[in-house]
Amino acid sequence: MYCSQCNAPLETDAKFCTNCGAKVTDVQTKATASKTEATNDYVVQGKTIAKQYWSFLPNALAHPFTTSKQVTERDKINAIITIVLFSLLLPLYIYSSARVVMHGFMSPSFADIVIKPFFILIIFFALLIAVKFGVAKLMKADVSFMYVVTSFGSLMVLPTAIALATWVFALIGSITFSSILMLLAISLTSIASMATVFSLKTKAPATSKLDAVYGVVITYVAMGIILFIIGDSLLGNLLSEFQNNFYAPF
């Protein structure tokens, strides 16, 4: 708590400021108490979310497809966290690998290699989920958009865990092994995308005319188009960054 007159720090139960002698008003005290309470609420909420996420991980890792069919409203935060983590870990792996390979010869830009691709990947997954939601509606599945997000996010737990291991191995300089792991993580992401469609099909009525296989085809065609558009921007950004770093010393 600080004095409203001279901004000097005050004791918790202070009645007067020891620096300027101004009286500490009840408004100041209440405002400080409110801020402290709000901070404590955020801390409690953060701990609750973290606890829920850690309890969500074992089932999602052991039984990803079963978990994707049994997700509830409370799992949506867990799914969103997983998708965001994967979107961050992929560019972090590229950045860490680049630093190891360059050996200090060039200094890759964190903003261009991590931050920008992170937001591009978030947009990619948002569009991909929108396509899956459209496929779900074509299959007449009675699901909401957030249900599709949650179902896909639960299937992304395994790729995200491998992506985390990939980044760790890149940090310690094991580029070859980390590259293999990243290819595995990306392959599992493709499988997760396919499995989501089959999971959504279980929510569709028996009279649904769109087969899950055709739902997968639609998803992959749309994913190819999205990757062509967004991937060109992503790769162009990375290549531009590496070229700038390569020619900078000269």
Side-chain angles (χ1 to χ4, degrees), residues 49-90 118 120-166 181-228 230-231:
I49 291 173
K51 185 177 180 180
Q52 289 178 352
Y53 188 68
W54 284 112
S55 63
F56 167 77
L57 289 179
N59 285 334
L61 283 171
H63 310 286
F65 187 68
T66 302
T67 302
S68 72
K69 294 188 297 180
Q70 298 174 347
V71 290
T72 61
E73 180 70 16
R74 60 178 293 182
D75 293 322
K76 66 181 180 181
I77 298 298
N78 300 324
I80 293 171
I81 290 173
T82 301
I83 295 171
V84 169
L85 280 175
F86 185 87
S87 301
L88 180 61
L89 287 168
L90 180 55
F118 166 71
I120 291 173
L121 284 170
I122 290 293
I123 293 171
F124 166 73
F125 282 122
L127 292 174
L128 180 61
I129 292 169
V131 170
K132 294 179 187 298
F133 180 65
V135 169
K137 290 306 176 184
L138 289 174
M139 293 189 298
K140 298 182 179 179
D142 185 20
V143 295
S144 64
F145 182 81
M146 284 308 304
Y147 180 89
V148 180
V149 172
T150 309
S151 181
F152 176 64
S154 66
L155 287 162
M156 283 295 295
V157 169
L158 180 57
T160 302
I162 295 176
L164 177 60
T166 298
L181 284 178
M182 182 50 72
L183 287 174
L184 176 60
I186 293 173
S187 299
L188 288 172
T189 300
S190 178
I191 293 174
S193 181
M194 182 192 304
T196 304
V197 177
F198 283 95
S199 177
L200 294 173
K201 181 63 177 178
T202 62
K203 303 297 181 180
T207 56
S208 174
K209 294 182 180 180
L210 181 65
D211 190 85
V213 172
Y214 291 107
V216 171
V217 172
I218 293 172
T219 300
Y220 273 82
V221 170
M223 186 165 60
I225 296 172
I226 296 170
L227 279 173
F228 178 77
I230 294 182

**Q.** Partner set under salt bridge (charged side-chain N to carboxylate O under 4.0 Å, His left out) for Lys76, not counting sequence neighbours
**A.** Glu73
Q | Approximate separation, where rounding is to 0.5 Å, of Phe133 CZ and Leu138 CG | A | 10.5 Å
Q | Atom pair CG/NZ of Leu155 and Lys69 - distance to nearest 0.5 Å | A | 10.5 Å
Q: Evaluate the ring planes of Phe152 and Phe125, with Trp represented by its six-membered ring, and classify them as parallel (under 30°), tilted (30 to 60°) or perpendicular (over 60°).
A: tilted
Q.
Quick check: closest heavy atoms across Val197 and Ala212, and the distance to 0.1 Å?
A. CG1-O, 3.6 Å
Q) Would Thr166 and Leu89 satisfy side-chain contact (heavy atoms from CB on, under 4.5 Å), going step by step from the backbone distance to the final call? A) CA-CA 8 Å; Thr166 298; Leu89 287 168; over 6 Å; no
Q: Would you confirm whether Tyr220, through its side chain, and Ser190, through its main-chain N or O, come within 3.5 Å as a donor-acceptor pair?
A: yes
Q | Residues Leu158, Ile191; criterion side-chain contact (heavy atoms from CB on, under 4.5 Å); working and verdict | A | CA-CA 11 Å; Leu158 180 57; Ile191 293 174; over 6 Å; no
Q | Shortest non-hydrogen contact between Val149 and Ile83, atoms and distance | A | O-CD1, 4.2 Å
Q. Closest heavy-atom contact between Ala60 and Val157?
A. CB-CG2, 3.6 Å
Q. Is the side chain of Lys132 donor-acceptor paired with the backbone N or O of Thr219 at a distance under 3.5 Å, no angle test?
A. no
Q: Under the side chain to side chain donor-acceptor pair (under 3.5 Å) rule, collect the residues that match up with Thr202, sequence neighbours excluded.
A: none
Q: Report, as yes or no, whether the 6.0 Å neighbourhood of atom OH on Tyr214 holds more than 12 heavy atoms from other residues, nucleotides or ligands.
A: no
**Q.** Atom pair CZ/CD1 of Arg74 and Ile49 - distance to nearest 0.5 Å
**A.** 12.0 Å
Q: Rounded to the nearest 0.5 Å, what's the gap from CG on Leu164 to CG on Leu85? Could you check?
A: 8.0 Å
Q: Output the distance between atom CE (Met139) and atom CG (Leu200), rounded to the nearest 0.5 Å.
A: 5.0 Å
**Q.** Option from Asn78, Thr82, Asp75 for which side chain to side chain donor-acceptor pair (under 3.5 Å) with Tyr53 holds
**A.** Thr82
Q. Closest approach of Ser199 and Ser68, non-hydrogen atoms and distance?
A. OG-OG, 3.2 Å
**Q.** Closest non-hydrogen atom pair between Ser208 and Lys140, with its separation
**A.** OG-N, 4.4 Å
Q | Within-4.5 Å side-chain heavy-atom neighbours: Leu121 and Phe86 | A | no
(Q) Distance check, rounded to the nearest 0.5 Å: Leu90 atom CG versus Ile120 atom CD1? (A) 11.5 Å
Q: With side-chain contact (heavy atoms from CB on, under 4.5 Å) as the test, would you mind laying out the steps for Lys203 and Asp142 before giving the verdict?
A: CA-CA 6 Å; Lys203 303 297 181 180; Asp142 185 20; 6.0 Å; no
Q: Could you tell me which non-hydrogen atom of Ser151 sits nearest to which non-hydrogen atom of Thr196, and how far apart they are?
A: OG-CG2, 4.1 Å
